[in-house]
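Everything below concerns the one structure shown next.
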2 protein chains.
Amino acid sequence: MPRTTEGAVGARPTIRDIARVAGVSKASVSYALNDLPGVSEETRARIRATATELGWRPSAAARSLSRARAGAVGLAVARDVHLLEEEPYYMRFIAGMESVLAREGLSLLLSVVPDVDAAVEVLRDWWGERRVDGVVLTDLRVEDPRVALVTELGIPCALRAGIDDRMPDGAQLALSVETERQSFVEVVDHLVAQGHRRLARVAGPREFLHTRRRDIAWAEVTRSALGRAAPVVVADYTSAGGLAATRELLAGARPPTAVVYDNDVMAAAVVAERASLGVRVPEDLAVVAGEDSMLCRLASPAISCLHRDVVADGARSARLLLEVVLGRSSEVSVTEPHRLVVRGTTAPGAPAAPAAGG
Amino acid sequence: MPRTTEGAVGARPTIRDIARVAGVSKASVSYALNDLPGVSEETRARIRATATELGWRPSAAARSLSRARAGAVGLAVARDVHLLEEEPYYMRFIAGMESVLAREGLSLLLSVVPDVDAAVEVLRDWWGERRVDGVVLTDLRVEDPRVALVTELGIPCALRAGIDDRMPDGAQLALSVETERQSFVEVVDHLVAQGHRRLARVAGPREFLHTRRRDIAWAEVTRSALGRAAPVVVADYTSAGGLAATRELLAGARPPTAVVYDNDVMAAAVVAERASLGVRVPEDLAVVAGEDSMLCRLASPAISCLHRDVVADGARSARLLLEVVLGRSSEVSVTEPHRLVVRGTTAPGAPAAPAAGG
DNA sequence: CTGAAAGCGCTTACAG
DNA sequence: CTGAAAGCGCTTACAG
């Protein structure tokens with residue numbers, strides 16, 4: 001093995017070094033290394049060998065400057081840090097994105113900020129400073145200022161939305177189309193088949209676009225199955241909020257025998273506190289969580305839920321974003337619906353919960 | 001308000017535009033906008049006003065190229081995606097990092113890959129392409145190839161390690177010093193005070209440096225408290241692994257009355273499956289989790305654990321990294337130890353678990 | 001097929 | 001205090 005200069009700390013070679021060593025011009029090096037025509041195969045091979053030998057890597061900044069492309073995309077998560085604790089979701093979503101981005105040599109910029117206004121500032125910085133070629137938005141709010149921003153600035157963007165959610169025209173948007181209806185049909189069918197007639201739902205905050213979609217889908221599906229729309233109480237995704245909403249429902253004139261929760265934390269809190277709520281699960285109250293997690297799997301009884309492939313969702317979002325950034329084809333993709341996973345909280349015949357304290 | 005050109009999609013102004021509008025040279029613009037001497041206050045004010053009016057932001061690529069600094073740091077998480085699902089940890093760590101980085105105008109590059117070898121490749125790319133000025137490493141392994149890499153290439157790096165963990169000389173390392181001993185002293189004291197004499201620990205994989213530190217600390221602390229080192233069974237952080245290890249311990253000649261788990265998932269699995277394990281918690285078996293999470297809080301009984309401020313850890317790591325990158329002072333910081341949080345799995349007097357099924 | 005040259009948007013000595 | 005110029009490391013027409 002020839003001795004390389006690679007070991008010298010901080011001494012990173014440039015195409016200039018390669019050109020000198022290989023005895024060609026910088027331009028030829030660039031052509032050779034980018035697989036462009038303009039160099040003979042022999043020269044190309046020599047240049048490639050030299051580049052490898054020197055341990056050359058393209059400078060992202062230089063490339064970005066001359067190509068007018070950042071070589072990176074951004075994900076600005078807008079969520080309070082206390083709710084994040086309850087969100088194993090994102091790392092898997094990011095792992096999915098990564099699997100697509102890595103193939104294209106793109107980096108991922110991540111920002112975690114408490115609210116959408118802070119996220120708007122981050123996006124404005126990223127775009128203004130040309131740090132990203134596009135962004136992925138999650139947890140869309142109703143009238144989301146981030147959507148207004150990416151539209152105004154023309155930032156390529158991937159997001160998940162319902163087919164009926166109105167998105168601004170002219171924006172560089174790639175949509176993953178979500179459908180909550182199909183998921184609710186599965187859930188409601190399952191519960192009705194078990195004899196439930198008094199259903200209810202504990203929703204997440206109304207500021208989220210997906211909450212609004214679920215509101216509409218829930219009303220339609222329950223009306224269709226039961227003759228009238230089943231009630232909804234709004235909560236805030238926290239265990240305290242989920243418990244309060246459940247108490248409210250149970251204290252009503254027609255207490256539900258089955259409740260569907262918009263996330264896993266609220267459902268898990270209710271299952272954990274079933275004694276203080278004065279119900280048996282699932283005998284008195286069936287419970288379904290809107291998201292799957294360890295929380296659902298390790299609860300006693302384990303919690304029936306709507307499960308989705310989060311890694312695949314991340315990969316899809318990244319793929320869609322790249323299509324917009326690179327000006328490719330489609331730009332709309334239909335997300336796979338949540339899949340109902342039946343566990344102990346809706347199946348009386350399922351393994352019984354361990355006896356308390358023994 | 002004067003009409004700006006900001007609205008024109010894609011038309012992002014440069015210092016050249018500012019120079020033209022303000023009637024000065026590009027150099028003056030640069031000096032003015034970077035708060036450097038060389039321009040009169042009057043000119044500086046005019047240039048600033050023009051920059052604001054045009055909606056100018058510095059091009060990260062151009063700045064990076066001329067300053068030879070990326071303006072970003074990287075975090076390469078090396079963990080299997082299935083274990084990630086059980087890791088709400090990282091998003092909070094990142095939020096903590098962000099709070100420090102944002103102040104300095106630095107971006108965060110994130111990569112989530114399955115193992116350390118893949119992480120090494122990511123780091124090599126980031127550094128070779130000058131995408132980052134430094135990196136934060138987490139979940140250090142024994143003989144971690146990432147540490148070898150950052151040493152070899154001279155990459156500024158922040159990581160958490162024990163005071164006895166040998167780190168290579170000459171590296172640009174900023175250390176957060178961890179001590180597991182103090183945490184174990186608290187746990188063991190607590191358990192012994194409740195009459196426990198037969199303790200055991202279910203450890204995480206031995207490949208992790210922190211597992212090795214815990215092994216040493218556990219042996220010392222239990223020997224000191226009980227006269228001999230309490231047993232350890234190695235598991236893999238998963239619920240199945242935690243259950244298997246616990247079965248092994250319970251089937252032994254001297255089954256433990258209290259078990260300390262290296263993470264939350266294994267502890268939660270054991271609490272959930274206590275019936276099938278044939279024990280009451282905490283009467284027959286006290287349980288302590290090595291990390292806090294919703295899983296611990298929502299278990300029945302709620303799980304006693306070692307709790308830490310993950311957001312603060314993230315902020316500390318970012319701060320230390322910046323010191324190395326900017327060539328500032330210290331570079332060593334002592335991490336706050338985990339704090340013991342006593343809940344139902346170690347306190348017989350605590351609120352009883354809800355009765356099974358109601 | 002090959003090379004000299006301009007340009008991307010900044011920074012920074014260096015003369016005036 | 002101010003401006004012309006070179007340079008950071010690439011890409012890309014444009015002549016040879």
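Reminder, nothing fancy here: chain letters follow the sequence lines and each chain counts from 1. As a basis for the values below, the full set of heavy atoms in this structure was taken, side chains included, without hydrogen atoms, waters or symmetry mates.
- Cation-pi check for A:R12 over B:W127 is met; the charged atom lies under 6.0 angstrom from the ring centroid and within 45 degrees of its normal.
- If you take CD on B:E104 and CZ on B:R319, they are separated by 11.0 Å, rounding to the nearest 0.5 Å.
- Note: A:S28 OG to A:L36 CG = 11.5 Å, rounded to the nearest 0.5 Å.
- Note on A:D35 versus A:R48: salt bridge recorded, some NZ/NE/NH1/NH2 to OD/OE distance being below 4.0 Å.
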Report summary line: Per-nucleotide protein contact along nucleotides 7-14 of chain C, 5' to 3', at a 4.0 Å heavy-atom cut-off (B base, S sugar-phosphate only, - neither), is BBBBBBB-
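- Each of B:R160, B:M167, B:E207 was evaluated against B:L140; a single residue qualifies, B:M167, per the side-chain contact (heavy atoms from CB on, under 4.5 Å) test.
- In this view, A:F208 and A:H210, A:Y237 satisfy the ring-ring contact (aromatic ring centres under 6.0 Å, His included) rule, not counting sequence neighbours.
- For DNA chain D, runs of at least 3 consecutive pairs of the Watson-Crick or G-U wobble type, with both hydrogen-bonding distances under 3.5 angstrom, map to C:1-3 with D:14-16, C:5-12 with D:5-12, C:14-16 with D:1-3.
- The side chain of A:T43 contributes an N or O atom lying less than 4.0 Å from OP1 or OP2 of C:dT2.
- To the nearest 0.5 Å, atoms CD (B:E98) and OG (B:S107) are separated by 8.5 Å.
- For A:R141 (side chain) and A:D139 (main-chain N/O), a donor-acceptor pair under 3.5 Å exists by modelled atom type.
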